[in-house]
Amino acid sequence: MKIFNSYTNQLEDFKPIHKGIVNMYVCGPTVYNYIHIGNARPVIFFDTVRKFFEHIGYQVKYVSNFTDVDDKIITKAIELEQTEKEIAETFITAFLEDVHRVHSMTDYTAPRVTEYMDHIINYISELMTKGYAYQVDGDVYFRVTKMKDYGHLSNRKIDDLIVGSRIESNDKKENPLDFTLWKKTEIGITFDAPFGEGRPGWHTECVAMIDDVFGEKIDIHGGGSGLMFPHHENEIAQSIALNNHNIANYWMHNGLLNIDGEKMSKSEGRVLLVRDLTVDMNAFRLFTLSTHYRSPINFTDEVLASYEKEWDKIERIYKAVYLKLDLADMLYANAKVHPDLLKIYKDFLDAMKQDFNTPNAITALQDLTKMANQMHRSKTEDEVLLSVIKVFDDIFFVLGLQVDITPLSKEDKLLYANWNKARKEKDFDKADEYRATLIEKGILS
RNA sequence: GGUCCCGUAGCCAAGUGGCUAAGGCAAUGGACUGCAACUCCGUGAUCACCAGUUCGAAUCUGGUCGGGACCUCCA
């Protein structure tokens, strides 16, 4: 298993801290709005990472937070004349619906900032005690210059950042790069802390949560590449300051998603929400995984349409093989391995083990689709066809693809038999009628 | 101004030093077929350009052109 580690900027062998267990944390959403398809990329990708680890036998502890205290939430609350809590609840629910919608698991641990206020405040207090943070007028800032290695993850130098940074009006900071740990504020929800009323900056929550939930360094920390700087850099700075480690052995960052070649932009109205997608989610999932996760991906109707077609083809043959087995009462028989199928399955695993090369994993799925079609047309034993289904099922599980199918009822089987009988007797009018019914019932396509 | 990424057939996309550059979509020829749908088989690129390193480069180095990101909240 190879993973590209953003921290070291190289491909590395994956070695879990605890044998057979993967502890991973993925930065979750700030819940002030419905998520767009760009937000869905990490949701889909890291879900696939999780499922792959589970498929090859790991026990995965997957944690992803909800940022339910934030300026954007407060702004929204004021705008809609609701409380921050109501806004957060609304969009947490909506988020989980969307996660489910894109076929990602929702059963992970999801700590919220509001539940972690004590931890966050303690964390900040400790940073102050150790001299890594300082207080000015009720605000608390992290002293970046005290971190020798600041900028390692995002490959930046402090000097370059200072030169490049635009002049800030905030002259409270010792250094313009220092980031906010606690913010004094009069607007919106506030919390009581030793350093005054206010609310936390958003860089402390993740480290505080990881510290509490896992209690040690974790295996994988993931998120979009847009978070690498400054968010993840700041997480690392705090963790090194307090715990003397950089949080995770492997840092993984997914590339961004563009629409028609341009970045999604709320201000320019170029945003597509997950809940506004009208395409089959399997097609969307294939689209999302069709480009390697570290590369940027471009959303266009044309490309999406090709994946709709692709999924249709995959689903069609899966259902056809399933139907054939169902009619032969072979769904629960013993599958027989076939060398070509084994090779495809191995290709799939190899692709995934190579830093989650989902494009090549999908190629294996396409190979399987072709082989399934060939076998379906030829006189292949049902036991082998059953293993076709099994390989499909494995790949579907990992990639998060779902075929809606159930075994036939007795009436359906009879209907199917009648259709065949009519065709054999060349009673095509009757046959077409039966076929129409079978299609209507979703048995044929 | 600083930092960084990318440019493979009409479209999407693997491959990152070595057999004839995967795969899919589209297109096109053929096969199968009661009709329709589906499916299967065949057909396409010297890898933006130039110069170098090397026995050998799409893959490494330098340059040119083109596209994009970040340095401020951002998946």
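No experiment lies behind these values; they were computed from the predicted model shown. All values below come from the heavy atoms of this structure, side chains included, with hydrogens, waters and symmetry mates left out. Proteins get letters first, then strands, A, B, ... in listed order; numbering begins at 1 in each.
When heavy atoms are screened at a 4.0 angstrom cut-off, A/G223 is found touching the sugar-phosphate backbone but no base atom.
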Sort me out a list of protein N/O and nucleotides 35-39 of chain B N/O pairs below 3.5 Å, or just none if empty.
residue, atom, partner, partner atom, Å
B/C35, O2, A/R435, NH2, 3.3
B/C35, N3, A/R435, NH1, 3.1
B/C35, N3, A/R435, NH2, 3.3
B/C35, N4, A/R435, NH1, 3.1
B/A36, N1, A/R435, NH1, 3.1
B/C38, O2, A/R377, NH2, 2.3
B/U39, O3', A/N373, ND2, 3.3

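Listed nucleotides: B/G34, B/C25, B/A13. Nearest to the side chain of A/A431: B/G34. Residue A/L257 places its side chain closer to B/A75 than to any other of B/A75, B/C25, B/A13. Listed candidates were B/C25, B/G34, B/A14. Nearest to the side chain of A/T291 is B/A14. Among the nucleotides B/G23, B/A75, B/C11, the one closest to the side chain of A/Q366 is B/G23. If you check B/C12, B/C71, B/A13 against the side chain of A/Y307, the one that comes closest is B/C12.
Partner assigned to B/G42 is B/U28, using Watson-Crick or G-U wobble distances below 3.5 angstrom. The partner of B/G62, taking Watson-Crick or G-U wobble pairs whose two distances both stay under 3.5 Å, is B/C50. Here B/U33 sits opposite no nucleotide as a Watson-Crick or G-U wobble pair (both hydrogen-bonding atom distances under 3.5 Å). Base-pair partner of B/C73: not found among the strands shown (Watson-Crick or G-U wobble, both distances under 3.5 Å).
Ring pair A/F53/A/F14: centre-to-centre distance below 6.0 Å. Checked against a 6.0 Å centroid threshold, the rings of A/Y62 and A/F46 do not count as neighbours.
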**Request:** Before giving the answer on salt bridge (charged side-chain N to carboxylate O under 4.0 Å, His left out), spell out for A/D427 and A/K421 the whole-Å C-alpha distance, their side-chain angles and the decisive distance to 0.1 Å.
**Result:** CA-CA 9 Å; A/D427 184 350; A/K421 186 160 171 270; over 6 Å; no
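Between the side chains of A/D276 and A/Y34, no donor-acceptor pair of N or O atoms lies under 3.5 Å.
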Residues 87-95 of chain A, side-chain donor-acceptor partners within the protein, below 3.5 Å, at least two apart:
residue, atom, partner, partner atom, Å
A/E89, OE2, A/R112, NH1, 3.0
A/T90, OG1, A/E86, O, 2.8
A/T93, OG1, A/E89, O, 2.9

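Taking atom CG of A/N33 as the reference point, atom P of B/A75 lies 11 Å away to the nearest angstrom.
Using the six-membered ring where Trp is involved, A/Y318 and A/F392 have ring planes that are perpendicular, over 60° apart on the 30 and 60° scheme.
The side-chain heavy atoms of A/V388 and A/H338, taken from C-beta on, include no pair separated by under 4.5 Å.
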